[in-house]
Amino acid sequence: MATTVKIQVDGNNPVLALQGFLKGLLDDESIGGILVPVHLFEKGLPMPTLVTDSAKLSGADPLAPAFSMNSAKLLARLTRGQSGERIAAVLRPCEIRAFVELVKLNQGSLDDVVIVGVDCMGAYDNLSYKTFLGDADSFQATLDFHGLIGGEADTVRNGVDIASACQSCEHPAPQNADVVIGIAGAHLHESIPVMATSARGEALLSGLNLPDIESANGRDKTLESLIAARIVNRDAMLEKTKALTGTLTDLSEYLSACVNCYNCRVACPVCYCKECVFNTDVFEHKPWQYMEWAKRKGSLKMPTDTIFYHLTRMAHMSTACVGCGQCSNACPNGIPVMELFRTVAARTQESFDYEPGRSLDESPPLSVFKEDEFQETVSHMA
Amino acid sequence: MRKQYGALVVGAGIGGIRAALDLAVTGHKVALIDRRPTHGGILSQLDHQFPSDHCGMCKMLPLMSRDSSSQFCLRKGLFHDNIDIMLSTEVAELEGEPGKFFVSLSTKSPLIDPTKCVSCGKCAEVCPVRVPSEFNAGLTERTAVYLPVPHAIPNHYVLDLDNCQRCWKCHDACPTGAIDLKFNERVDFHILVVDRDPAVETMLKDILNELNFPLHCVQTGQAAVDMLASDDRIRLVLVGMNINDMDAERVLTRSLELNADIPVVVMAETSQISTAAAMVTQGAREYLVKPLEAKRFVPWLDKLYMRIMSDTTEDLEVGAVVLAGGFECYNPVVDPEGGEDIWSYGHPGVLTAVEFERLLSGTGPTGGRLLHPGDNSEVRKIAWIQCVGSRDVKKNADFCSGICCMFSIKEAVLAKKATNGAVETTIFYMDMRTSGKGYQRYRNKAEHEKGVRLVRSRPHSVIPVNDGMDLKVEYMTDAGELVSETYDMVVLAAGARPPGGMEKFALTMGLDLNEWGFAQMQPYASERTSRLGVFAAGSFGEPRDISESVIQASAAAQAASRIIKVYDVLAGIESEPEPEYPDVSREPPRILVAVCTSCPTLEQTVDLEALSRKMSAVHSVCKVISVGATCTGEGWAEIEKGAAEFKPNRVLIGACMPYAYIPRLKELGRSIGLNPALMDVVDIYTPTFVLESEGQAEKEVFAALSMAVARLQGADPVPVPVTVDVARSALVVGGGLAGMTASMAIADQGYGVCLVESEEELGGMAMRLHTQLDGSDPHKFMEELIGQVEKHPNIKVLKDSRVAISRGSAGRFRSAIAGPQGVFPLEHGVSILATGGHETKVYESGLCVHKSVMTHLALEEQLATGVLDAGALTGVAMIQCWRSRDEDRTYCSRVCCPEMLKNVLTLKKRNPDLPIYVFYRDIMVQGFMETYYTQARKAGAIFIHYEPDNKPKVAFEDGKPVITALDPVLNAEVEIRADILSLSSGLEPNDVEDLLEVFGVEVNEDGFYQEADFKWRPVDFLKQGIYMCGAAHSPRRMDETVASAKAAAQRALRILSTEKIARETVVASVRHSLCSLCQACVAACPYGARVVDLEEGKIIVDEILCQGCGACAAVCPNSATILKGFHDGPMMSVIDAALEQPA
């Protein structure tokens, strides 16, 4: 039976209690730093921050319903190669899942990191977070968002709701973390349960001398109803997107506002190439080629290769897509990129029975693809 | 002057191909001939080979100097600068001696000019003839004018004259005039008839008038000879045996004296057939039996005429000859004893193994679906019957074909796969001979995972029942019950027989045959025939499976190259230096497009002017020219002229059969000073054959040309070759039979060898053998070999030494060898690991406790040294597979059954009444060793089968063994009391843990070295420049060890025979600035050519290991890995051009 302990919440402030918990971690000799979202300024988005001085944890807000960027790529930078010290990273479930994918691709390592997963109740996209915040104090807004019991509060505030990616996310609970902070179903003004989910987490928790509890009461039930609601949202979203993007013409229209800024690619946690092929000489076409293409149809949209770019990204990473929604968050023109990618990903992941982030032991499907697999899909190519 | 070659290789199956390639890559010119119209042998018919159940022949392609051979499917074609392939060709004569053989070859003309045939198939469409297709093993029919295999490149139609009805429709249908039946030359084909019978003259005049042949009739021999002497137009002599003045033999002799090449045909009465036949051996072409009937005579003469006019002969001078004629499958119809057809082979549900293989093939009659040939119904139950035509003394086949057991298991597995496991498969066998590397595992998997049922019993016959719907198979169980089962298909594992016409061939080649009609091979040199300088590759000397055939082929190549070296054949054929081409990489592309218009089919379907206009408009095309016939000298000159005039920096030729032009592009490159890599030839004729819609051909031709233009636009200027200076010596690890043989083979070619042996003496495991089944003396052989090795000026022997370190790559390794005199550094180009094996240590059944228990080897020793008196014994028991083939070691040690037979026969020879009991699971004696098993049984040894779950139990009474076991024949427990219990303890590879790290190589789960590919690269490690042989590779007998050692040496010579190893044109490279180090490419590389350098943080490509397959480029998401000549940009332009529609 895994160890479950509780963080006592004093003064009705779970954020403060969590800060205390993190301070406790940082005081442990085995942890050299913590990657956690921190309010660096009074207003604005909390940003992923590597904290080594426990005094700086006073700005930490792991519960803020803000998701400025997916930290998986940042954690990859921190763990690729050796720093000589172990760090802890406080991550959302989708960040952990993306990080697991990156580890499979040798872009990061789990060797020297303790993953602290936090139940995710969803977050606003970067623009909506501002609206959500209004004039309120950032920490107060976080406390209001969660209410008394984790996962029970309505998420619509000031006319905005959490991002559509979060609304249709069936993974509110962290997988593959070492330690899980059980927000769902917790009486946040009393105590927050913390579970050790690996040997490493077990060792860490036992050193903190927190009071044991039997189990995180009510968490499973809250998660269950949360997931059920989100699956309904997800399926409706997939249906809708499928209908909108069924043909190449429809797809072109869907992506018609795309200006090839490639922000979605930059924001994507599993797009790991050092330099995207679309930035290389491969797509530096010759002037006469543009002329020939234009002549063939009478006109040529510039810049070219827009659909090709999105299709390439689907080919490269749809099996690894964790649905974090950062692509939509990054799009300056409001294209529902997440919806498109999740729709494609749902198909590709289902065909390979592959779930990104589920297990380190599952290799990326295309790296272990055998020629006699999936005959119904590839037989026409023989 | 005779054309000169290093070697002649007879037979272009895999054995011949392997031998030819091995010789070609070491710089020898090879003539490769086959009497069939296609290369590839039996493997052109087989799609799947275990253990992978795929093909994989391409893995035999040269790994270095790839540019000198085409790099694609070897079943389709074989092109190498040093190999000339001649098909439909046989050896007519072989004279001379090793180093200088004179060979005369006769080639049957396909009667269709391959330079004109565009493979459009119009001839076959009109041909009225239907005969069984050889390619589909008779399961389908073909026409008389046909494609021998559907996949060959080049793939030309041939005319099978024997089955031709002479309707000449194909001649009229051919759009290019490729079918030449010599109609116009008939008037010059004068025929001289010598016969006293006026009726013959009248009849012939009648007939020949119609055929247009000028006829000269004389009645006397003298008149005939005079006419021949005076009239040089005579092209054929028909001589009757009824002339008075001289006998027909005399006429024949005189005719041949006057004109050695004149064909003389004898016309004999029925009573004179034997004399006529004798005349054929004296030089007559053939004989006819009178009376001549127009119905048969006319087609005969017409076809003879075409043969005489079209067939060619060629004389060669060669240094050595390699025979790779393979084997033929036993035909269950033809019972040599005239016995009944007990297998009901005429029934559509009874197939031979090859026929079944065709049934499963995608190019077979059912497109690969497993359907009953009788009524195309689903097949539900199949039985395989082993040893049909093999292991059958009555059919002069007291040998084991060696391949059928695995063949049948594979077919059963394939049948399961084809039906998703639905079909029931049963194999009836006598002994399941799984004695190759990995075979026992394959069998276990088939039996336990795939559900293939194995029954140890031999059905006596196959009988159609139920109105021929089902096939009844009856067999006896171990318990003596007669069981009857019905199947809807029975596959006969028809064994191997000598190739057809072997006796005549042996006579021509001067070979001795063994009693079963195969070539007689020499002990300890299974590649040597009875004639010096003539070697056997593949399965010519003995039926063998693919990997052993490939090893045998390399061994034969090694023996041949030794002869070539010793006799200094073709000393100094200088390869022309590569010319330097100007660098055009900074110039904008200017492409000259030459369109060949020689064949009318193009003009008829495509508006050439419009095409030319459109092509001219394509970017970077500087000029489009039409050329009359690019395949002729004049046409080629037009292209050269065009190139001189328009000064292009790329050349594109649109013609038919692009592969035919590849060698000529090199010449064009030299003459116009342009790198051939900047030229291309595309097929613009195939699109004109099948027209589905208006304008389709034009679109396709345009697309083909513009795709090539796009490719040429992006063609890479060839990089400066990276070269390795080869250290031209070898390191051989292990001084046993394998290591010494390999050392000798390399040293005899003039290269230095350092032979490292860990023991204090050379010899290894073979020194423990005293006798051999074939009566040869292994001790004497080994002692002579050790003497030769120690005296050889090129071999340095280091005993009591070990290799401590080895670094570097193929061509240049640096190693350190630690010995009694300290550490000694060595630079060498190749390494051969021949670390051998040993008898397994067994501590069971009282071995090492009771003196009466010993291993087979110890028994052999005691018998040889006289320690044991066979006459004083009262009973001997032997147990086979005591430790092999069980959970500990799932492989057959291969040496124990012959060892057991050797001891049985020795004991029986010395004491014929001695009772000998042998407990066995399967007696593993492949090939001609089977006969010793027969002898042992005849001598009275009793063989008792046991199952692994019920092994014989051994107890002791007064120090003597008592063995109890179940005798399946008696179906009762038997108790055997013996003086001696001899155990087969099996063979284990020596422990090489330290060497694995030193050399960076791997072993398989049983501890034997892991080869690059089990079938196609059996003695290569994946890491290039390191080879393996002997018992460290797999359990092997002495002959097999020698063959593997010679094969390894031959593979190594590929590297040692060159001064430098150059980089190939197509290799992969990494753009490090783009690389994310995800290492997907490292995992994808099938050649192990990529490693990640963690210190530098870079992926490193070994450019010599890299074979340019592109797997890395395919997995790399952002083109950080690129393949020279196949960059993304140009490839996308090619795709773009393919999709482009002419406006």
Side-chain angles (χ1 to χ4, degrees), chain A residues 73 76-77 80-82 101-109 265 270-298 304-305 308 312-320 363-372 375 379 382, chain B residues 48 52-54 362 367-368 417-418 420 588-589 617-621 706 709-710 713-714 1070-1084 1092 1094-1095 1097 1099 1111-1122 1126-1133 1135-1137 1139-1143:
Chain A
K73 259 185 174 171
R77 278 189 214 170
R80 196 177 182 195
Q82 295 185 341
E101 289 304 294
L102 290 177
V103 171
K104 289 178 189 174
L105 294 160
N106 293 309
Q107 301 302 299
S109 158
R265 183 198 72 210
V270 291
C271 238
Y272 70 95
C273 288
K274 207 171 188 178
E275 180 79 295
C276 177
V277 66
F278 282 85
N279 287 357
T280 66
D281 52 359
V282 173
F283 289 89
E284 282 171 14
H285 307 303
K286 304 280 183 299
W288 56 265
Q289 285 183 295
Y290 290 110
M291 283 308 288
E292 279 192 2
W293 291 325
K295 278 182 189 163
R296 220 182 292 166
K297 289 193 173 160
T304 54
D305 305 309
F308 194 9
T312 303
R313 244 170 57 73
M314 286 173 203
H316 284 174
M317 44 63 63
S318 76
T319 54
S363 299
L366 291 181
S367 71
V368 291
F369 179 74
K370 296 278 178 301
E371 62 182 304
D372 51 357
Q375 281 309 308
S379 55
Chain B
H48 313 273
S52 65
D53 297 338
H54 290 293
K417 196 172 160 193
N420 263 329
V618 174
H619 184 84
S620 73
V621 172
S706 52
V709 165
Q713 281 166 353
V1070 179
R1071 298 196 278 185
H1072 299 294
S1073 62
L1074 298 182
C1075 174
S1076 309
L1077 287 175
C1078 70
Q1079 300 170 41
C1081 55
V1082 178
V1092 58
L1094 287 172
E1095 277 168 31
I1099 302 283
C1112 49
V1115 296
C1116 183
N1118 66 334
S1119 303
T1121 272
I1122 47 173
F1126 295 90
H1127 294 260
D1128 282 354
M1131 287 327 284
M1132 286 199 294
S1133 302
I1135 295 169
D1136 200 43
L1139 301 172
E1140 193 165 345
Q1141 301 296 317

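Quick note on labels: first sequence line is chain A, next is B, and so on, each numbered from 1. What's counted below: heavy atoms across the whole structure, side chains too, no hydrogens, waters or symmetry copies.
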Residues forming a ring-ring contact (aromatic ring centres under 6.0 Å, His included) with B:Phe1126, sequence neighbours excluded: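 Per chain and number, B:Phe1126 pairs via ring-ring contact (aromatic ring centres under 6.0 Å, His included) with no residue.
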Partner set under ring-ring contact (aromatic ring centres under 6.0 Å, His included) for B:His1127, not counting sequence neighbours: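 Partners of B:His1127 by the ring-ring contact (aromatic ring centres under 6.0 Å, His included) criterion come out as none, since no residue qualifies.
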Measure B:Cys1116 against the heavy atoms of chain A and call it side chain, backbone, both or neither at under 4.5 Å.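 Nothing of B:Cys1116, per the 4.5 Å heavy-atom cut-off to chain A.
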Where does B:Met1132 contact chain A at under 4.5 Å (heavy atoms): side chain, backbone, both or neither?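 Answer is side chain: those atoms of B:Met1132 sit under 4.5 Å from chain A.
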Looking at [X] and [Y], would you say the former's side chain and the latter's main chain have a donor-acceptor pair under 3.5 Å?
{"X": "B:Gln713", "Y": "B:His619", "value": "yes"}
{"X": "A:Glu275", "Y": "A:Thr280", "value": "no"}
{"X": "B:Asn1118", "Y": "A:Val277", "value": "no"}

Could you tell me which portion of [X] (side chain, backbone, both or neither) has an atom closer than 4.5 angstrom to a non-hydrogen atom of chain B?
{"X": "A:Ser367", "value": "neither"}
{"X": "A:Phe278", "value": "neither"}
{"X": "A:Asn279", "value": "neither"}
{"X": "A:Glu292", "value": "side chain"}

Can you see which heavy atom on A:Val270 is nearest to which on A:Ala320, and at what distance?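 Between these two residues, the closest heavy atoms are CG1-O, 3.6 Å.
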Provide the closest heavy-atom pair for A:Ala315 versus A:Leu366 in the form atom of the first, atom of the second, distance.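 Scanning both residues, the minimum pair turns out to be O-CD1, 4.2 Å.
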Option that, when pairs with chain A are counted at under 4.5 Å, heavy atom only, ranks first among B:Ala617, B:Pro1117, B:Ser1073: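 Most pairs with chain A among the choices: B:Pro1117.
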Can you tell me which of B:Leu1074, B:Val618, B:Val1115 forms the most heavy-atom pairs within a distance under 4.5 Å of chain A?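 Among B:Leu1074, B:Val618, B:Val1115, the one with the most close pairs to chain A is B:Leu1074.
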Largest heavy-atom contact set with chain B, pairs under 4.5 Å, which of A:Leu105, A:Thr312, A:Leu102: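 Greatest number of close heavy-atom pairs with chain B: A:Leu105.
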Taking every non-hydrogen pair under 4.5 Å, which of A:Arg80, A:Lys274, A:His316 racks up the most with chain B?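 Of the candidates given, the most pairs with chain B belong to A:Lys274.
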